[in-house]
Q: 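Shown below is the structure under consideration.
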There are 2 protein chains.
Amino acid sequence: MRTRSLLLAASAAILMSGGAKADEGMWTFDAFPRERMMAAYGWAPDQEWLDTVREGAVRLNGCSASFVSDNGLILTNHHCISSCLAAISNDDNDYLANGFNVATMEEEIVCPGQRADIVTSIADVTDEVKGAIAGLEGDEAVAAQRAITASLTGTDACTAEGYSCQVVSLYNGGQYSLYTYRRYDEVRIAWAPEAQAAQFGGDPDNFNFPRYSMDGAFLRAYENGEAAVTPNHLTWNPRSPQDGEITLVVGNPGSTQRLLTVAQLEYIRDVQLPRQIATLSELRGRLISAMDEDEERTREGNDTLGSIENSLKVQFGRQRALTNMDFFQTLIDAEEELKAEVAGNDEIGDPWTEIDEALDYARANNLRAVYDSPSGTLYGYAQTIVAANMEMAKPAEERDPGFGEATMGRIAAQLGQERTIHLWLDELLMEWSLSKAREYLGTDDPQTKTLLGDESPEGLSERLVRNTSLTDPAARVALLEGGLEALQASEDPMIQYALRLYPQVERIGDEFATNYSSKLTDPAARLADARFAAYGDSLYPDATFTLRINYGVVKSWEERGEMVPTTTTIAGTYDRATGNIPYDLPSQFIEKEDQIDKSTVYNFVSTNDIIGGNSGSPVLDRNGTVIGAAFDGNIYVTGGSFGYDAANNRMITVSTAALQEALEVIYPAPRIVAELAAD
Amino acid sequence: MRTRSLLLAASAAILMSGGAKADEGMWTFDAFPRERMMAAYGWAPDQEWLDTVREGAVRLNGCSASFVSDNGLILTNHHCISSCLAAISNDDNDYLANGFNVATMEEEIVCPGQRADIVTSIADVTDEVKGAIAGLEGDEAVAAQRAITASLTGTDACTAEGYSCQVVSLYNGGQYSLYTYRRYDEVRIAWAPEAQAAQFGGDPDNFNFPRYSMDGAFLRAYENGEAAVTPNHLTWNPRSPQDGEITLVVGNPGSTQRLLTVAQLEYIRDVQLPRQIATLSELRGRLISAMDEDEERTREGNDTLGSIENSLKVQFGRQRALTNMDFFQTLIDAEEELKAEVAGNDEIGDPWTEIDEALDYARANNLRAVYDSPSGTLYGYAQTIVAANMEMAKPAEERDPGFGEATMGRIAAQLGQERTIHLWLDELLMEWSLSKAREYLGTDDPQTKTLLGDESPEGLSERLVRNTSLTDPAARVALLEGGLEALQASEDPMIQYALRLYPQVERIGDEFATNYSSKLTDPAARLADARFAAYGDSLYPDATFTLRINYGVVKSWEERGEMVPTTTTIAGTYDRATGNIPYDLPSQFIEKEDQIDKSTVYNFVSTNDIIGGNSGSPVLDRNGTVIGAAFDGNIYVTGGSFGYDAANNRMITVSTAALQEALEVIYPAPRIVAELAAD
């Protein structure tokens, strides 16, 4: 039965064409499929290997990383810290254009808002959570889940200085785990190459291979102003990868939808993706033109544009996967099969129909939630300040469980961080989002009228962005801490605007929690039960931006009839360079051309199953040493939201060999070289 | 059997939900469904009525219109002539902002490139065309169809001064008609309101109702420099419409896809629309930002932006219709039914599978055709000049049938027309299209390399647009007429670029004609035969931008549980005005507020079945008098490509009553008022 179970699991959870699916799966550290990997490769990591690696794995804001020295040095991707580089750049120092390379540790600069989390333990809390919400619906279920979450994360172990906890819902609520993290709230930038070296090929080369990208950078975790002490770091190993060798990738895949129902995927395909792609494409165009022929704006907007283009490429891939009729039919068939497997099982019932009903609500109301408020950093500050004060003004029993003085302190610390805000960009984002709100909701809709009043998206955005004091960290903190009455009396137009929108934002949030999210909880959990009943525990949960491990091998794939090489060398950069953006050589590649060892392996591909959030993940060999940092996938990975395509899915990694060449020759940083070599 | 035929025709050709479909259909003037309309409304136009109306109906470039005086005066929409107003505007006269209103006929200004066509006869040439291509495939079929077309349109009647002929393929090649036109090559602008009056509500109000738009304008046809003599004009009737009264709309619906196979609709839904929507949305954004805070560019780019936003809204509607699973299932069912009806009919065979095979080619190669060359007016000139010279340089027997000195003369006349070109806009369009070519084809694709060489989309576009001489009409004509050798020796960079692309453009065009278009001809015609066999001749052909007539009634529809009023009045404009773009009052609406009769019916809706191309169509009452000019539909009309939604589909018309108020009070033009009043 074991084989058949695996096979069925494959047809239920694995979605795309071709060959063996042996390398699929984003496994949790407490459920690594050791036997499965042994069967495939004759080797698999043991518990000690896994524990060691877990202790060296780091989660950043939206990215993955690893400790690679005793002194808190963190390896990640350049694109994970480019917003930091933009934020700390000024007229004298353009760290994006020139890279970041300082002679001493004292010169390292704080990345505003960046945190580093290391998993210290994982506990199964399924019984506690399911027990707390059993039999409840709607508001009551929401409240009960918030309460049990607050209770589980409110223990001494979780609230100790430098620690944090998270209740993670796995299998769409089929299982719950409590993750405890060692948290570093201060992270500084230690080294980065020129952006042009990391971004060579730009958007055209993104999600493509062959590839020539120095997409690596080093951060450092700090504790009380000193470099963190991190003896349990991973070992830096600046060697070339070998064809066919096993690669293990350890990181935080952000989000997949491999366990959704067909109706949920149709909702994504027919409702969400068309609007997201159209509106993000327009934003992309607005930004491209706004930056055009303006050097300062080009520098300031480059990171945002890169994020938008990256998101769009992912969405194009998702759309293409879901509009592939052959592929979609396999999903329909798998769902029918699962329904047949659990037919008559009363405990499972009919979760599909219940989910359909929740989707009916979402179809009719999703635009309300999307357009309850505008985009933009400054408006975001205002909404945070208003919402926090509104919450604090409530009687304690009506307040969100867990919301209190400590929360206010954390919010104050975040708002108080210095951050460069480009007014033109914030205005552009706000104007775009408000004009899309009017387009999708309609001019005559009451929600549009609340958003715009008698103003135009252009006029309103300009008025608010140009006249708010929220660009000043001290002003933000003062407004947060002044209390609700002072806030209501404030003349800051952005605060007044957030106050005007607050009832709408809160009402829509509540309505969605009651009529949609909470309606999905129970049927999604029973769907997970159905899968466990039908296919055993050989399943892995959808990605949740929590720590996972996946195994694969360095391996080519076939493209238009030809095998793609598994590796590129630095020499290829020079062949590909046209001298024109985005194929212009970085200045140090020109200057140091004679010294650079061009035969160094630059980027390489492997079969690992990853998704956004894995960026910066250490790529390990079977000895557990770091041979690269994952930074991208080929185009087939964009469909990975919905399934793993064993034949074509390839992760792209920048090799430690190339980063070593950068540290030694191209952007010399002897102190980092020495630090990596120590131990 | 008659009833059943109609009913089946309805399920096969009529696609959306709700009520009677009595008003559906874009009928040709030689096949008006008189009995059907009599049965529905107890009245229908007779042949004399139809002939009279046909003689007064005018086709413009991409729009519809009508003669409304003895002196060639033409009623159409403002949005049909806004590009003309932009082209003839200059620093002293901004005819878009201020409107166009001159005291004498002598001051009317030529609209560059604008033509006016009036159908003088329609002949069935199905036997001739089908006979010529019978049994042929691929290149031979293409050549044979070109030859018979050249022969049919090369008669004395067709080539006489001021005449032109067109072979129209109806029912996707099931039937062919020869349309003969009286053609006026010179058309001048006679009167237009402020753009803000026509565009009040802008993109947010487009495809919506209630609506407040003065979307009307007058042109005049000229012959040898004198106003054309047009005694067979329609009668201007500036009265308000009555609820429930019959409205007939006469114009040129551009394109519908109501007879396509399910596979063809899937191709549109899954391949064409996603790319078109993403890339056009980006272009929209690029243009919005490029125009932002630059008054001159706002004026110069406004018309292009309006076209893009209008196209996008249509495409959103098409996408929504095709991703509506209930709706799509009705299409699948109808196709299955038709297949069953004609099963075993050897003459019909299996056109569906043949079409699938042609679609396989299109799926694999469509990006080649989309991105064979860049966008932009200046590149368009260069390609026209190069292609014409290449064609002329061929031996006569290899040349396109019908291509000769006369064609060269027509091209020279077009190229020689003065036209304002905004370099920033042309550069923006070119840069956008080249960057999308690289994105969709890939950096390493040979076609991309031909397009870009070592240049970037930005650098190449700037170099070509800023250094070409093609902004000068005389230079264009000289290059056209200089012959191929002179062209090849030219130092104009845009010409050199078009020469570089020419082999690619020609090869891709040929490959598509051979492997796609010509492969569809025969099966599509047999599909039409199948429909005729199953459902009789109660069908109407898909729209082809040729003259059609449709009947309907002034009628409300239900929106979110409430009936929408059928009419608006000018007073509503003042209520809706916020003072901010696009809801700012036109200056003359402010200045003349006291004089304007605000109770005048402004816009109204009726059930007529229309599509893009119908803009400017005269809306006639049963007496054949003009009571308005159709200018838009409500949002349900955007799905009209694929079917007519009887319950919700509404055409939107600007009433002659409102235009009369404009001519008398708001933008006084006594000479036009007098001309309209004279019989």
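Labels below follow one simple rule: chain letters A, B, ... track the order of the sequence lines, proteins then strands, and each chain is numbered from 1.
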Q: Among B:Ser289, B:Pro457, B:Pro582, B:Gly201, which residue forms the greatest number of heavy-atom pairs with chain A at distances under 4.5 Å?
A: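 Of B:Ser289, B:Pro457, B:Pro582, B:Gly201, B:Ser289 has the most heavy-atom pairs under 4.5 Å with chain A.
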Q: Taking the side chain as every heavy atom from C-beta outward, state whether A:Pro204 and B:Glu439 have any atom pair closer than 4.5 Å.
A: no
Q: Checking heavy atoms, do the side chain of A:Tyr440, its backbone, both or neither come under 4.5 Å from chain B?
A: side chain
Q: Give a yes or no answer on whether the side chain of B:Asn634 reaches the backbone of B:Asn208 with a donor-acceptor pair at less than 3.5 Å.
A: no
Q: May I ask you to say whether B:Asp632 pairs ionically with B:Arg650, meaning some side-chain N is under 4.0 Å from a carboxylate O?
A: no
Q: Name the region of A:Arg269, side chain, backbone, both or neither, that has any atom closer than 4.5 Å to a heavy atom of chain B.
A: side chain
Q: Hey, are B:Arg368 and B:Asp445 close enough for a salt bridge, meaning a charged N less than 4.0 Å from a carboxylate O?
A: yes
Q: If you count heavy-atom pairs under 4.5 Å with chain B, which of A:Thr323, A:Ile581, A:Asp292 comes out on top?
A: A:Thr323
Q: Return the option, out of B:Met325, B:Glu458, B:Gln315, with the maximum number of heavy-atom pairs under 4.5 Å with chain A.
A: B:Met325
Q: Could you tell me which portion of A:Leu460 (side chain, backbone, both or neither) has an atom closer than 4.5 angstrom to a non-hydrogen atom of chain B?
A: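 Neither; nothing under 4.5 Å.
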Q: Chain B heavy atoms under 4.5 Å from A:Glu293: which part of the residue, side chain, backbone, both or neither?
A: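 Contact with chain B is through the side chain of A:Glu293 alone.
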Q: Contact part of B:Arg320 toward chain A, heavy-atom cut-off under 4.5 Å: side chain, backbone, both or neither?
A: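 Neither part.
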Q: Looking at A:Asp270, A:Asp584, A:Leu312, which has the largest count of heavy-atom pairs under 4.5 Å with chain B?
A: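 Ranked by contacts with chain B, first place is A:Asp270.
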Q: Can you tell me if A:Thr448 uses its side chain to pair, donor with acceptor, with the backbone of A:Asp444 under 3.5 Å?
A: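 No: the side chain of A:Thr448 does not pair with the backbone of A:Asp444.
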Q: Quick check on B:Leu428 against chain A: is it the side chain, the backbone, both or neither that has a heavy atom closer than 4.5 Å?
A: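 For B:Leu428, the contact with chain A is made by the side chain alone.
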Q: Counting only heavy atoms closer than 4.5 Å, note whether B:Leu441 contacts chain A via side chain, backbone, both or neither.
A: backbone
Q: Looking at A:Arg286 and A:Glu282, is any side-chain nitrogen of the basic one under 4.0 Å from a carboxylate oxygen of the acidic one?
A: yes
Q: Answer yes or no: is there a side-chain heavy-atom contact under 4.5 Å between B:Leu452 and A:Thr578?
A: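 B:Leu452 vs A:Thr578: side chains apart.
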Q: Where does B:Ile288 contact chain A at under 4.5 Å (heavy atoms): side chain, backbone, both or neither?
A: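 For B:Ile288, side-chain heavy atoms alone lie under 4.5 Å from chain A.
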Q: Under 4.5 Å between any side-chain heavy atoms of B:Val605 and B:Val564, yes or no?
A: no
